[in-house]
Amino acid sequence: MVDMRTVRGMRDLMGDEMRARNFLVSQATRVFESFGYEPLDSPVMELWETLSAKGGEDVEAETFKFTDKGAREVGLRFDLTVPLARIVASNPHLRKPFKRYAIGKAWRYDRPQAGRYREFMQADVDIIGAASPVADAEVVLVALEFLSRTLKEKYIIKINNRKVLKGLTEVAGVEDSLAHECFRSIDKLDKIGKDGVLEELASRGIPKDATQTLLDALDIGGSGNNALEEFAELLANSEVGKEGVGELKVMSDVFEEVGVSDLIRFEMSLARGLDYYTGPVFEGRFLGKPKVGSILGGGRYDHLIEKFCGTPTPATGISLGIDRIIDIIIAKGLPDKLSKGLDVFIAPLRKNLASKGMKVAIQLIKEGMSVEVGLLGRSLGKLLEYAESKGARYTIIIGPKDIEKNSVSVRDMKEKDTRQVGIDEVVGFFKNTEDKLEW
RNA sequence: GCCUAGGUGGUGUAACGGCAGCAUAAGAGAUUGUGGCUCUCUUGACGGGGGUUCGAUUCCCCCCCUGGGCCCCA
């Protein structure tokens, strides 16, 4: 027997899970196109040199990296942003702003846990060449629109700014060399609480007189401009801090105007990944039952493209974690319309009547209906049972007696009512009952 | 990579150092033209490898996988 397991951390998507993913991908595509983003795809594999451009030893540890048969060092992409940066850098004449979306798989050599897979799908929008925080606000609005159509409730997007965090360390008197250690600790607030952060800060060598300022800052947060006023107050003596707050203010004004402020929280404890972001950062959370970690993340990365081509290029973007959202949607129970079954099942009662069945099926399919023809030559009872299990609204029975009369039997599976319909009038029959078919 | 709890048919579970049982799903039939009930039958499991033992699914060790935590989350 062949070993039939999947590779660690990777999964097959069947039935409802795949229906959920198709739904999410189609919704994401629709939303992205609505906002004027252009589709883009790129190889799942990149040269190792490209993937490592972001720097950091951790990248290597968490990448599927190997040597191909031509002795090239390659790896599976760990996000959709690095490939984008490569493409933008190698196409310097793209008209700006370049707004593109990409939906595809990425791979990370992580330890698998609930909601954390080694192969997962991301849906990404990015804006290249726009330095204004309005661009940052836009990608957040794209994500909000997607969430309102899919999860509908119980979600929030947290926002902060790397410049605000930098300012915070200045105000608190933390050395630059410890700044990243510091961010890493306070980012864990949700997970380990204030006391935990305090311990973390101490163990990472943050001076005691600095920790009080940092801890107080963790309380700052909320929706709308009021929270930002507190940010500004705290960072009054930091130029970079004030700059960061100013950017958030621009974003906040957009959210106020659009009327989505209650879905946004500005939080000083949000840091996200290191090295990579230069300005606003975002993270989305689902507040309901299955805890799956962040469901989206993103931010501004104004220096990444420069690393490839030397040309300073502002950029911002956001990534939706499709696999985690699949898990949420499955747990919530799939909406009926996603699991909607067949419009019509066709039950030939003799094998030699299958061709008649196919003929009728094709006619209905051309009308846009979903139709399946029974292929196993089972008894009528079994065929009806199967039709029911596939959610068929109607079953068309084709047996010798029907053919004698040049007709078929159309059974309404809900009403359990069967009537004779001429074999050439089937399409017309369903056109007239079209309003009954709730598509 | 580290710590920790687990792993029995597709799914959910039971038992035991000595025949691995139940439920459900799936397939066939009772019923070769009108389903969902019922009845009968069938298929299908001890994650893998080593050790202790007359005998291991059970006890021990290693590995793999899953969940939780840590590290990390580009």
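Below, read A as the first sequence line, B as the second, and so on, with proteins coming before strands; counting in each chain starts at 1.
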- prompt: For nucleotides 25-35 of chain B, read 5' to 3', which letter fits each nucleotide if B means a protein heavy atom sits under 4.0 Å from the base, S means only the sugar-phosphate is that close, and - means neither?
  reply: --SS---SBBB

query: Residues in salt bridge (Lys or Arg N to Asp or Glu O under 4.0 Å) with A:Asp195, at least two apart?
result: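 Expected list: none.
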
- request: Could I get the full list of salt bridge (Lys or Arg N to Asp or Glu O under 4.0 Å) partners for A:Lys359, not counting sequence neighbours?
  value: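 Salt bridge (Lys or Arg N to Asp or Glu O under 4.0 Å) check on A:Lys359 returns nothing, list empty.
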
task: Would you please name every residue forming a ring pair (Phe, Tyr, Trp, His ring centres under 6.0 Å) with A:Tyr101, sequence neighbours left out?
output: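 For A:Tyr101 the ring pair (Phe, Tyr, Trp, His ring centres under 6.0 Å) partners, ignoring immediate neighbours, are A:Phe32.
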
- prompt: Taking only residues two or more places apart in sequence, or in another chain, which ones meet A:Tyr109 in a ring pair (Phe, Tyr, Trp, His ring centres under 6.0 Å)?
  reply: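 Result, ring pair (Phe, Tyr, Trp, His ring centres under 6.0 Å) vs A:Tyr109: A:Phe64.
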
message: Tell me whether the side-chain N/O atoms of A:Arg108 come closer than 4.0 Å to OP1 or OP2 in B:A74.
response: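 It does not, given that no N or O in the side chain of A:Arg108 lies less than 4.0 Å from OP1 or OP2 of B:A74.
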
field: A:Gln113 vs B:G69: side-chain N/O to OP1/OP2 distance below 4.0 Å
entry: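 Yes, within the criterion.
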
- prompt: Who passes side-chain hydrogen bond (donor to acceptor under 3.5 Å, both in side chains) against A:Thr150, sequence neighbours left out?
  reply: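 Listed in chain order: nothing, the list is empty.
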
- prompt: To the side chain of A:Pro112, which of B:G68, B:U66, B:C71 is closest?
  reply: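 Among B:G68, B:U66, B:C71, the one nearest the side chain of A:Pro112 is B:U66.
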
task: For A:Lys351, report the nucleic acid contact type (base, sugar-phosphate, nothing); a contact means any heavy atom under 4.0 Å.
output: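 Answer is nothing: A:Lys351 stays at 4.0 Å or more from every strand.
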
- prompt: Under a 3.5 Å cut-off for both distances, is B:C19 Watson-Crick or wobble paired, and to whom?
  reply: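 Because no pair has both required distances under 3.5 Å, B:C19 counts as unpaired.
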
field: Gap in Å between the two P atoms, one belonging to B:C37 and one to B:C61, rounded
entry: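 B:C37 and B:C61 have their P atoms separated by 48 Å.
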
- prompt: Is there a donor and acceptor pair, one atom on the side chain of A:Arg184 and one on the base of B:C71, closer than 3.5 Å?
  reply: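 Side chain to base: no pair present.
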
message: So, taking the atom named OG in A:Ser407 and the one named CD1 in A:Ile397, what distance separates them when rounded to the nearest 0.5 Å?
response: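 Taking OG in A:Ser407 and CD1 in A:Ile397, the distance rounds to 11.5 Å.
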
